Amino acid sequence: MISAPWLFRIRGFRRFHGYELGPLIFVRKPLEEAPENLVVHELMHVWQHQHRPLRLWLSYLWQGYRANEHEIEAREAVRKTSG
Ligand SMILES: [Zn+2]
């Protein structure tokens, strides 16, 4: 996991607080301040990437972001592990 505030200043990344890229997770905040829920969410994407990389990438083309099955799964992982 890498703290990369510069990444989130780039157009297209501004709306994100974390971003998964293969085995790497980039977060906007310093690592010690990264919210646990964000880490869980991004770790779910790492798992998805390892198990179905092509389907993960393509899904954003035809499902968009909000209703994307992988986003729903990542949000569900946060729901199950928080509180
Ligand atoms: Zn996500």
Side-chain angles (χ1 to χ4, degrees):
M1 198 160 83
I2 299 163
S3 176
W6 53 269
L7 178 68
F8 299 94
R9 287 195 284 268
I10 297 171
R11 195 184 172 85
F13 286 91
R14 284 178 199 155
R15 65 194 175 121
F16 299 116
H17 294 278
Y19 198 83
E20 173 271 338
L21 202 64
L24 299 176
I25 296 171
F26 295 96
V27 291
R28 184 192 294 264
K29 290 186 170 184
L31 291 186
E32 61 274 17
E33 292 175 28
E36 193 176 305
N37 286 349
L38 176 65
V39 177
V40 169
H41 182 104
E42 299 303 330
L43 277 175
M44 189 70 229
H45 286 323
V46 171
W47 184 91
Q48 292 162 344
H49 204 127
Q50 287 169 342
H51 290 80
R52 35 182 140 102
L54 195 61
R55 186 170 139 197
L56 177 64
W57 283 332
L58 292 175
S59 70
Y60 286 90
L61 298 179
W62 72 70
Q63 296 177 10
Y65 181 77
R66 272 268 151 232
N68 189 292
E69 63 180 293
H70 298 99
E71 292 303 327
I72 291 168
E73 191 177 39
R75 283 181 224 130
E76 186 66 9
V78 170
R79 194 188 63 76
K80 283 179 177 166
T81 56
S82 64

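Atom set for the values below is all heavy atoms of this structure, side chains included, hydrogens, waters and symmetry mates excluded. Keep in mind that this is a model prediction, so the values were computed, not measured.
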Participant: Can you hop from Val39 to Val27 via hydrophobic side chains spaced under 4.5 Å?
Facilitator: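 Yes, same cluster.
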
Participant: Pick one: which of Glu71, Glu20, Arg75 meets side-chain hydrogen bond (donor to acceptor under 3.5 Å, both in side chains) with His41?
Facilitator: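 Running side-chain hydrogen bond (donor to acceptor under 3.5 Å, both in side chains) over Glu71, Glu20, Arg75 with His41 returns exactly one hit, Glu71.
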
Participant: Could you give the distance from CE (Met44) to OG1 (Thr81), rounded to the nearest 0.5 Å?
Facilitator: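 Those atoms lie 10.5 Å apart.
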
Participant: Which atom names give the shortest non-hydrogen contact between Pro30 and Ser3, and what distance separates them?
Facilitator: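 Distance-wise, the nearest heavy atoms are CA-OG, 3.5 Å.
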
Participant: Count the heavy atoms of every other residue, nucleotide or ligand shown that sit under 6.0 Å from OH of Tyr19, and state whether that count exceeds 12.
Facilitator: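 Counting neighbours around OH of Tyr19, 12 or fewer heavy atoms of other residues, nucleotides or ligands fall under 6.0 Å, so no.
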
Participant: Look at the rings of Trp47 and His51 and say which category their plane angle falls in: under 30° parallel, 30 to 60° tilted, over 60° perpendicular.
Facilitator: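 Parallel: the ring planes of Trp47 and His51 meet at under 30°.
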
Participant: Taking all heavy atoms of Ala34 and all of Met1, pick out the closest pair and write down the distance.
Facilitator: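 Smallest interatomic distance, heavy atoms only, reads CB-CE, 4.2 Å.
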
Participant: How many angstroms lie between CG in Asn68 and CG in Leu56, if you round to the nearest 0.5 Å?
Facilitator: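 So the CG of Asn68 and the CG of Leu56 are separated by 7.5 Å.
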
Participant: Please determine which of His70, Glu69, Glu73 meets the side-chain hydrogen bond (donor to acceptor under 3.5 Å, both in side chains) test together with Gln48.
Facilitator: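 The side-chain hydrogen bond (donor to acceptor under 3.5 Å, both in side chains) with Gln48 is passed solely by Glu73 among His70, Glu69, Glu73.
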
Participant: Do the side chains of Trp57 and Trp62 join up, straight or via other hydrophobic residues, at under 4.5 Å, putting them in one cluster?
Facilitator: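 The answer is no; the residues belong to distinct hydrophobic clusters.
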
Participant: Are Phe13 and Leu24 in one and the same hydrophobic cluster, where Ile, Leu, Val, Met, Phe, Trp and Tyr link if side-chain heavy atoms are under 4.5 Å apart?
Facilitator: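 Linked within one cluster.
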
Participant: Would you say Ile2 ends up clustered with Leu21 if hydrophobic residues are merged whenever their side chains have heavy atoms under 4.5 Å apart, either directly or through other cluster members?
Facilitator: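 In one cluster with Leu21: Ile2, yes.
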
Participant: Working to the nearest 0.5 Å, report the span between CG of Leu43 and CD of Glu36.
Facilitator: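 Taking CG in Leu43 and CD in Glu36, the distance rounds to 10.5 Å.
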
Participant: Contact between Phe8 and His17 at the side-chain level, heavy atoms closer than 4.5 Å - yes or no?
Facilitator: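 When only atoms from C-beta onward are counted, His17 and Phe8 do not touch, as no gap falls below 4.5 Å.
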
Participant: What's the shortest heavy-atom distance between Tyr65 and Arg15, and which atoms?
Facilitator: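 Between these two residues, the closest heavy atoms are CD2-NH1, 3.8 Å.
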
Participant: Same hydrophobic cluster for Val46 and Leu38, using side-chain heavy-atom links shorter than 4.5 Å among ILVMFWY?
Facilitator: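 Linked within one cluster.
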
Participant: Take a 6.0 Å sphere around CD of Glu33 and say whether it holds more than 12 heavy atoms from other residues, nucleotides or ligands.
Facilitator: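 Yes - once you tally the heavy atoms of other residues, nucleotides and ligands closer than 6.0 Å, there are more than 12.
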
Participant: Please answer whether the main-chain N or O of Arg9 pairs with a side-chain N or O of Arg14 as donor and acceptor at a distance below 3.5 Å.
Facilitator: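 Side chain of Arg14 to backbone of Arg9: a pair is present.
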
Participant: Which heavy atom of Val78 sits nearest a heavy atom of Asn37, and at what distance?
Facilitator: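 Smallest heavy-atom distance, with atoms named: CG2-O, 3.3 Å.
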
